[in-house]
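Data first, discussion second: the structure below is written as structure tokens.
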Amino acid sequence: MARTSLTVADLVAWTQRFRDLMVEHRAALTELDSAIGDADHGSNMARGMQSAVEKLEQTAPETVGAWGKSVGMTLVSSVGGASGPLYGTFFLRFGASGGDATELDAAALGAALRAGLEGVLARGKAEPGDKTMIDALGPALDAFDAAVDQGLEAAIAAARDAAAAGRDATEPLQARKGRASYLGERSIGHVDPGATSTAYLFDALATATGSAA
């Protein structure tokens with residue numbers, strides 16, 4: 001039977017799966033970042049997500065808000081550069097949207113994801129096309145909203161596919177934010193590492209919730 005909501009345990013499983021992907025692809029993410037950034041995105045995200053999972057194992061969250069606060073604050077406090085504050089803000093805003101709820105239906109999940117995006121936009125000041133994680137995150141949420149009438153799992157799968165397409169679409173872009181922007185036209189031809197980790201974020205969500213088909 002297709003699921004109609006996500007529990008806090010599902011969100012914890014999402015965190016664990018995202019940690020696994022960050023560890024597995026740490027070297028590849030760092031290689032992407034070495035071309036146009038600080039060469040630390042993979043190591044930073046792997047370390048931060050490992051810390052986030054350990055924190056969840058120490059104190060199991062009972063609500064969506066508690067989960068988001070735990071993950072978000074851990075990333076903000078343990079990951080340097082831009083990725084810690086940006087991902088931390090995403091999870092903090094996601095959690096705040098869910099609040100004291102213990103389950104999220106498709107509409108509530110969409111609202112929480114959108115709150116996370118708005119937090120990233122406010123903190124990073126990036127716009128679509130700047131060659132950042134927004135170029136994967138924005139299309140993912142648009143696809144989620146477009147497919148939500150088909151059910152929760154279909155919406156998550158659509159978001160995963162759109163995030164991957166958004167990641168790939170950053171390759172021909174010229175960076176307009178962050179260290180990559182200093183390279184000007186030399187940033188063209190490289191996939192953005194932040195958009196890549198964001199694609200993994202939605203891949204993890206689809207896998208952890210059984211929405212990977």
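If you're wondering where the values come from, they're calculated on a predicted model, not measured in any experiment.
For residues 1-17, the salt bridge (Lys or Arg N to Asp or Glu O under 4.0 Å) pairs, not counting sequence neighbours, are R3-D10. The salt bridge (Lys or Arg N to Asp or Glu O under 4.0 Å) analysis of residues 46-75, with sequence neighbours excluded, yields no pairs. Applying the ring-ring contact (aromatic ring centres under 6.0 Å, His included) test to pairs two or more places apart or on separate chains, those with a residue in residues 45-73 are W14-W67, W67-F91, W67-F94.
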Pairs under 3.5 angstrom only: tabulate donor-acceptor contacts from the side chains of residues 144-152 to other protein residues two or more places apart or in another chain.
residue, atom, partner, partner atom, Å
D145, OD2, R114, NH2, 2.5

Less than 3.5 Å apart, which donor and acceptor atoms pair up between the side chains of residues 96-105 and the rest of the protein, not counting sequence neighbours?
residue, atom, partner, partner atom, Å
E103, OE1, S5, OG, 2.7
D105, OD1, A107, N, 3.2
D105, OD1, A108, N, 2.8

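Qualifying side-chain hydrogen bond (donor to acceptor under 3.5 Å, both in side chains) partners for Y200, counting only residues two or more places apart in sequence or in other chains: H25. R26 is linked by a side-chain hydrogen bond (donor to acceptor under 3.5 Å, both in side chains) to nothing, counting only residues two or more places apart in sequence or in another chain. For D130, the side-chain hydrogen bond (donor to acceptor under 3.5 Å, both in side chains) partners are R176, not counting sequence neighbours. With sequence neighbours left out, T30 forms a side-chain hydrogen bond (donor to acceptor under 3.5 Å, both in side chains) with no residue at all. Partners of F90 under the ring-ring contact (aromatic ring centres under 6.0 Å, His included) rule, at least two apart in sequence or in another chain, do not exist in this structure. Take D40 and apply the salt bridge (charged side-chain N to carboxylate O under 4.0 Å, His left out) test, not counting sequence neighbours, and it matches no residue.
Taking Ile, Leu, Val, Met, Phe, Trp and Tyr as hydrophobic and joining them when side-chain heavy atoms fall under 4.5 Å apart, one finds V53 isolated, its cluster having no other members.
Note: the hydrophobic cluster containing L11 also contains L117 (ILVMFWY, side chain heavy atoms under 4.5 Å, direct or indirect links).
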